[in-house]
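Right, one structure below, let's go through it.
Here the structure is a predicted model, which is why all the values come from computation and not from measurement. Computed from heavy atoms alone, side chains included, the values below leave out hydrogens, waters and symmetry copies.
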Amino acid sequence: MKIRTGTLRAAIIGLTMLKCAAASASPAIDGARDSREETAIRALLTELVSWIDAEETYRATSRPISKIKFVDAGETVTAEGQEFIVADRTRGLYDEKKATIYLARPWSVDDPFDRSVLLHELAHHLQVNTRHWYCPQAMEWDAYRLQETWLVEHGIQSGFYWPAILLESSCSKRDHHPD
């Protein structure tokens with residue numbers, strides 16, 4: 001069966017729009033400073049999903065993000081059944097079970113690095129149903145790679161320490177020291 005180019009292009013555009021809508025469909029935004037920030041975050045979600053779609057081949061997810069929640073350094077967050085204390089270096093977390101992205105304050109929609117943190121966590125949301133991952137941390141390499149690519153496109157050097165990211169992305173046991 002021959003498909004005309006225009007029909008194929010329309011189908012691809014339709015799938016991309018479906019993917020964007022599924023990933024960014026009006027999540028609750030808990031802790032936004034005001035309605036302007038909330039509106040800007042919603043627009044940014046759509047923009048970032050489109051960008052990820054152009055960079056990667058993640059399948060569309062029918063599960064939308066349920067919430068974006070802002071947290072402060074020192075606050076305890078329960079994600080994936082574990083408790084995490086938001087430290088100064090922690091900029092974001094993703095909880096697959098709750099479909100929730102946690103962003104550490106201070107965070108600004110106007111700061112490109114802060115936007116890249118949202119992109120990183122959004123990548124995790126899109127990665128979940130993409131393919132088999134041997135362990136959850138295996139997704140980190142791709143998420144950091146996408147984040148760095150986005151930052152470079154915006155003229156920012158990430159400063160990521162790739163050997164540490166490689167170790168963080170490993171599915172091997174974390175503690176190799178004898179008791």
Side-chain angles (χ1 to χ4, degrees), residues 11-30 41-71 77-84 86-87 89-104 107 109 112-154 156 158-174:
I12 291 170
I13 290 169
L15 285 174
T16 299
M17 289 172 61
L18 173 66
K19 183 176 183 177
C20 291
S24 62
S26 297
I29 299 177
D30 186 2
I41 291 168
R42 290 183 198 289
L44 180 60
L45 280 172
T46 301
E47 176 186 324
L48 293 177
V49 169
S50 294
W51 186 89
I52 291 170
D53 187 48
E55 291 294 314
E56 279 295 326
T57 55
Y58 294 137
R59 287 192 311 251
T61 178
S62 60
R63 184 177 182 209
I65 296 169
S66 63
K67 184 186 285 187
I68 295 175
K69 181 174 176 144
F70 289 96
V71 294
V77 172
T78 302
E80 298 300 321
Q82 296 180 318
E83 286 192 347
F84 296 93
V86 179
R89 293 187 56 174
T90 303
R91 302 301 309 142
L93 291 168
Y94 175 67
D95 185 338
E96 176 186 346
K97 291 177 184 171
K98 298 176 188 171
T100 297
I101 293 174
Y102 297 92
L103 296 173
W107 188 94
V109 73
F113 195 85
D114 287 348
R115 290 194 309 263
S116 80
V117 172
L118 178 57
L119 175 124
H120 179 109
E121 301 309 328
L122 185 57
H124 288 316
H125 178 73
L126 296 172
Q127 287 171 327
V128 169
N129 296 316
T130 301
R131 58 183 173 246
H132 172 75
W133 301 91
Y134 289 102
C135 61
Q137 61 267 25
M139 292 186 273
E140 288 299 331
W141 184 266
D142 282 353
Y144 275 109
R145 185 183 55 74
L146 282 169
Q147 184 178 7
E148 180 172 67
T149 301
W150 189 90
L151 285 166
V152 168
E153 283 184 14
H154 289 82
I156 300 166
S158 70
F160 294 150
Y161 184 61
W162 288 101
I165 293 169
L166 179 63
L167 288 173
E168 183 181 342
S169 302
S170 168
C171 293
S172 65
K173 291 184 179 191
R174 294 290 184 236

>> To check you understand the geometry: which heavy-atom pair defines the closest contact between Val109 and Ile41, and what is its length?
In response: CG2-N, 4.4 Å

> What residues, two or more places apart in sequence or in another chain, satisfy ring-ring contact (aromatic ring centres under 6.0 Å, His included) together with Tyr102?
Replying inline: none

> Hey, are the side chains of Trp150 and Glu55 touching, using non-hydrogen atoms and a 4.5 Å cut-off?
Replying inline: no

>> Walk me through whether Arg42 and Thr46 qualify under side-chain contact (heavy atoms from CB on, under 4.5 Å).
In response: CA-CA 7 Å; Arg42 290 183 198 289; Thr46 301; over 6 Å; no

>> Checking Tyr144 now: which residues fulfil ring-ring contact (aromatic ring centres under 6.0 Å, His included) with it, not counting sequence neighbours?
In response: His120, Phe160

> At what distance, to the nearest 0.5 angstrom, does CD of Glu148 lie from CD1 of Ile156?
Replying inline: 11.5 Å

>> As an exercise, state the distance from CD1 of Ile101 to CD1 of Ile29, rounded to the nearest 0.5 Å.
In response: 10.0 Å

> If you look at every heavy atom in Pro112 and Leu151, which pair is closest and at what distance?
Replying inline: O-CD2, 4.2 Å

> Can you list the residues that meet the side-chain hydrogen bond (donor to acceptor under 3.5 Å, both in side chains) rule with Ser116, with sequence neighbours excluded?
Replying inline: Gln147

>> Just so I know, are the side chains of Leu45 and Pro27 near enough to count as touching, which here means a heavy-atom distance under 4.5 Å?
In response: yes

>> Is there a side-chain contact (heavy atoms from CB on, under 4.5 Å) between Ile65 and Leu122? Walk through the geometry before answering.
In response: CA-CA 9 Å; Ile65 296 169; Leu122 185 57; 3.2 Å; yes

>> Once side chain to side chain contact (heavy atoms under 4.5 Å, CB included) is applied, do any residues pair with Ala28, and if so which ones, sequence neighbours excluded?
In response: Lys67

>> Using the side-chain hydrogen bond (donor to acceptor under 3.5 Å, both in side chains) criterion, which residues pair with Trp51? Sequence neighbours excluded.
In response: Glu153

>> I need the minimum non-hydrogen distance between His124 and Ala143, along with the two atoms involved.
In response: CE1-CB, 3.5 Å

>> Can you list everything that forms a side-chain hydrogen bond (donor to acceptor under 3.5 Å, both in side chains) with Thr78? Sequence neighbours excluded, please.
In response: none

>> So which atom in Val128 and which in Met139 form the shortest heavy-atom distance, rounded to 0.1 Å?
In response: N-SD, 4.4 Å

>> As an exercise, state the distance from OG1 of Thr100 to CG of Asp95, rounded to the nearest 0.5 Å.
In response: 6.0 Å

>> Within this structure, what is the CG-OG1 distance for the pair Leu119 and Thr149, rounded to the nearest 0.5 Å?
In response: 9.5 Å

>> Just to verify, what does Ala99 make a side chain to side chain contact (heavy atoms under 4.5 Å, CB included) with, not counting sequence neighbours?
In response: Arg63, Ser66, Tyr94, His125

> What are the two closest heavy atoms between Glu140 and Ser169, and how far apart are they?
Replying inline: CB-OG, 3.5 Å

> Quick one: CH2 on Trp141 to CG on Leu146, what's the gap to the nearest 0.5 Å?
Replying inline: 12.5 Å

